[in-house]
Amino acid sequence: MSRTQEIRNDKFPTTEVATSNLPIAGTYNVDAVHSNHRLRCPSPRGPKVRGRFTEFTGVITIGDTLENSSVEATVQAASITTDNEMRDAHLKSPDFLGSRPTRR
């Protein structure tokens with residue numbers, strides 16, 4: 001993605017903005033084999049809970065400007081795993097993620 005950085009010159013009161021080149025414009029699908037969607041949430045009973053979603057998709061659209069670019073990600077809530085079956089069952093229940101099986 002483009003990086004915009006301010007260039008300040010102490011000798012002159014002006015500020016210039018330099019923008020590096022964007023990648024080639026187009027639509028790119030996230031490669032689920034080489035990507036991951038992880039989560040980390042605070043727990044009232046101790047350390048942070050860490051987990052991941054195993055089923056997700058993503059689309060990155062690179063426009064001619066950064067303002068015309070976007071990212072869209074969708075996760076299947078039922079694919080959550082924290083490597084704890086009891087906690088995963090609770091997270092998949094209507095109390096948490098079960099109320100909306102797909103999150104965007």
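Given the structure is predicted, the values throughout are model-derived calculations rather than measurements.
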| task | Looking only at non-hydrogen atoms, find the nearest pair between S69 and G63 and report the distance. | result | OG-N, 2.9 Å
| Derivation of the side-chain contact (heavy atoms from CB on, under 4.5 Å) call for T82 and R50 | CA-CA 6 Å; T82 62; R50 298 173 194 276; over 6 Å; no
| message | Let's go through V30 and V59 carefully: what are the C-alpha distance in whole Å and the side-chain angles of both, what is the deciding distance for side-chain contact (heavy atoms from CB on, under 4.5 Å) to 0.1 Å, and is it a yes or a no? | response | CA-CA 6 Å; V30 172; V59 177; over 6 Å; no
| said: Let me confirm one number: the CG-CG distance from N84 to L91, rounded to the nearest 0.5 Å. | reply: 9.0 Å
| Can you tell me how far the CD atom of E72 sits from the CG atom of N29, to the nearest 0.5 Å? | 10.5 Å
| Is any side-chain heavy atom of D83 closer than 4.5 Å to a side-chain heavy atom of E85? | no
| Smallest separation among heavy atoms of E55 and S79, with atom names | N-OG, 3.1 Å
| message | Are the side chains of I60 and T27 in contact, using a 4.5 Å heavy-atom criterion? | response | no
| message | Test your reading of the model: is there a side-chain donor-acceptor pair from S35 to the backbone of A32, 3.5 Å cut-off? | response | no
| From CZ (R87) to CD1 (I80), nearest 0.5 Å | 9.5 Å
| Could you give the distance from CG (L97) to CZ (F53), rounded to the nearest 0.5 Å? | 5.5 Å
| task | Assign the ring pair H37 / F56 to parallel, tilted or perpendicular, where the plane angle (0 to 90°) is split at 30° and 60°. | result | tilted
| Is any side-chain heavy atom of V49 closer than 4.5 Å to a side-chain heavy atom of R40? | no
| said: Contact between Y28 and V71 at the side-chain level, heavy atoms closer than 4.5 Å - yes or no? | reply: no
| query | With side chains defined as the heavy atoms from C-beta onward, is the minimum distance between R52 and L39 less than 4.5 Å? | reply | no
